[in-house]
Amino acid sequence: MGFLVVAAGDVTALDAPALPAWSGGAHPSPLTAAEEASPDAAELARRFNPAMAFPTADVWPVDVRYAWSDGADLMANVKGRGSYVAVPNAELERRPWDHLPARTPDGRDIRYSVDVPGDDREVGGRTLWRQRFDVLAAHFPPTQYAHLYWHDRAQGLLAIQYWFFYPFNEWVNHHEGDWEHVTVILRGSPRLGPGFVPIGCQFYFHGFRHDTDEMIRVADEAGGDHVLVYAGGRGRFLAWGGTQSGASYPFAAVYPGAGSGPFKPDEDTRRPARFIAPAEFKVILLPEPGRLDARAHPELSWLRLPFYVGQQEVRTNPPPLNWLGLAGPPVQPAWRPAWNGAAPRQLWRNRPLGRIDLPEFPRGWSVIGTPLALQ
């Protein structure tokens, strides 16, 4: 990508900064249909898509089509009534299925799901999830889903949510179909078009969000300005632990009490094993669900449904997580409270701890925004 080599710097602790001005008092609203369909939306999504750092080299966010690439059908699950095949595997990319009902005629909720390749059983020290991903990954390059909305149109504040779909989560809690995201905040005019610049980012992890203008940014030759996202890494609670959660953080550091569930273990994003540059990601735009043209894009039919990727429970979790219902997959982005910034999560106000070592970046990467903590 033609990056420059960065300079070195490190810290041993990062103070939680004051909240940026854009963090409070937002008035989120969707793009208009014309804005959403304009070339400007696609251009902005590509210009600002994140660079990412991962704790392991063998898992990355992919296209949701991975979920049914091993032949799984779309299943409809009705509480108290069992499940049935809603769409056979061979039809999932041939015809739209966004018309499926969200409730039965007598008012029972319907959940749609696809069981991803592999499961959490370990064979030879590695889960069958990872072993199956090894086989299929060559067909599924790194992918980010982008959705634009107005953080506050009157102030010219535009938001781009970048959603990352991970086929599985192998952290303290294990589950399939992990959805994580960050929201990049841009400032420009109240109309979509050129001239927007990044002013901050909302990092989401587990039950929290972190609003900040302190972030690492990298450049590319096309004029892109890309926040660097550290995907969640090592964590432990008693006998349970893991190396990959998909949660999104601004620095390589230890995040105390950042975990989900009743125990809230720390998460360690230091020592990333792989960096992926922004240009290496396929970026797929997600429209407002009601505007989806499922005839043109049947593979995105899930955007209009209560869609979950994965089995409801796995075998290797701490027992309380299954009891509390924390071992199942989360619902797809458009059915979540964070969609369009409508109900963001609780603010995380602790201090990241640890060490940031800039020479660990890949050779040729150029930092164009260095957080004050690293200067």
Side-chain angles (χ1 to χ4, degrees), residues 59-79 82-87 89 92 97 100 102 109-121 127-130 132-133 136 140 143-145 147 161-181 204-207 231-232 235 240 242-248 259-261 286 289 299-339 345:
V59 182
W60 52 85
V62 295
D63 191 315
V64 174
R65 294 183 304 110
Y66 176 88
W68 56 78
S69 62
D70 245 3
D73 299 321
L74 179 73
M75 302 299 297
N77 309 281
V78 183
K79 188 173 182 179
S83 60
Y84 59 90
V85 175
V87 181
N89 180 270
L92 289 173
W97 34 279
L100 295 172
D109 290 340
I110 304 175
R111 291 170 49 129
Y112 295 94
S113 64
V114 176
D115 192 1
V116 302
D119 58 49
D120 61 319
R121 291 173 296 169
T127 61
L128 296 181
W129 283 330
R130 287 184 183 269
R132 199 70 195 120
F133 192 82
L136 299 170
F140 292 92
T143 297
Q144 298 168 344
Y145 289 92
H147 175 69
Q161 292 180 322
Y162 290 97
W163 292 91
F164 316 126
F165 171 71
Y166 296 90
F168 51 85
N169 176 101
E170 283 190 12
W171 199 55
V172 177
N173 63 320
H174 289 189
H175 63 82
E176 295 185 343
D178 201 16
W179 283 103
E180 302 289 352
H181 77 290
Y204 286 79
F205 44 93
H206 306 300
W240 293 273
T243 58
Q244 175 256 328
S245 78
S248 300
S260 56
L286 294 181
E299 76 283 358
L300 292 179
S301 292
W302 52 266
L303 189 65
R304 299 184 66 173
L305 298 172
F307 178 70
Y308 299 76
V309 183
Q311 62 203 62
Q312 186 56 40
E313 292 187 3
V314 297
R315 302 170 178 82
T316 53
N317 277 322
L321 295 184
N322 284 342
W323 301 336
L324 295 170
L326 298 175
V331 72
Q332 58 98 345
W335 282 63
R336 301 178 71 168
W339 183 257
R345 299 177 194 167

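Owing to the predicted nature of the structure, the values given are computational and were not obtained by experimental measurement. Numbering of residues begins at 1 and proceeds along the displayed sequence.
Applying the side-chain hydrogen bond (donor to acceptor under 3.5 Å, both in side chains) test to His147 and every residue at least two apart in sequence or in another chain returns Glu288, Asn340.
By the 4.5 Å heavy-atom criterion applied to side chains, Leu136 and Tyr66 are counted as neighbours. At a threshold of 4.5 Å between non-hydrogen side-chain atoms, the residues Val85 and Met75 count as touching. Between Phe205 and Ser248, the closest side-chain pair of non-hydrogen atoms is not below 4.5 Å. Side-chain atoms of Trp129 and Val59, non-hydrogen and from C-beta on, never get closer than 4.5 Å to each other. No side-chain heavy atom of Tyr145 sits under 4.5 Å from any side-chain heavy atom of Leu303.
Note: Leu100 CG to Arg304 CZ = 11.0 Å, rounded to the nearest 0.5 Å. Here the OH-OH distance, from Tyr162 to Tyr204, works out to 15.0 Å after rounding to the nearest 0.5 Å. Between Trp68 atom CH2 and Leu74 atom CG the span is 8.0 Å, to the nearest 0.5 Å. Atoms CZ and CH2, from Arg65 and Trp302 in turn, are 12.0 Å apart once rounded to the nearest 0.5 Å. One distance of note links CG of Asn77 with OH of Tyr308; it measures 10.0 Å at 0.5 Å rounding. Ser69 OG to Asn89 CG: the interatomic distance, rounded to the nearest 0.5 Å, is 8.5 Å.
When each of Val309, Asn169, Asp120, Asp115 is checked for a side-chain contact (heavy atoms from CB on, under 4.5 Å) with Glu176, only Asp115 meets the rule.
Residues Leu286 and Leu300 approach most closely at CD2-CD2, 4.2 Å, considering heavy atoms. When all heavy atoms are compared, the tightest approach of Val62 to Pro167 is CG2-CG, 3.8 Å. Closest approach of Ala338 and Trp163 over heavy atoms only: CB-CH2, 4.4 Å. Of all non-hydrogen atoms in Ala86 and Tyr112, the two that sit nearest each other are CB-CE2, 3.8 Å. Residue Ala67 comes nearest to Ala72 through the heavy atom pair O-CB, 4.2 Å, listed as atom of the first residue, atom of the second, then distance. Annotation for Pro330 and Gly177: closest pair CD-O, 3.2 Å, computed over non-hydrogen atoms.
With hydrogens and angles disregarded, no donor-acceptor distance shorter than 3.5 Å links the side chain of Glu180 to the backbone of Phe164. Proximity of a side-chain donor or acceptor of Arg336 to a complementary backbone N or O of Trp179 within less than 3.5 Å is detected. With hydrogens and angles disregarded, a donor-acceptor distance shorter than 3.5 Å links the side chain of Trp97 to the backbone of Leu92. Side-chain atoms of Gln161 do not come within 3.5 Å of backbone N or O of Pro333 as any donor-acceptor pair.
Aromatic ring centroids of Phe133 and Phe140 lie 6.0 Å or more apart.
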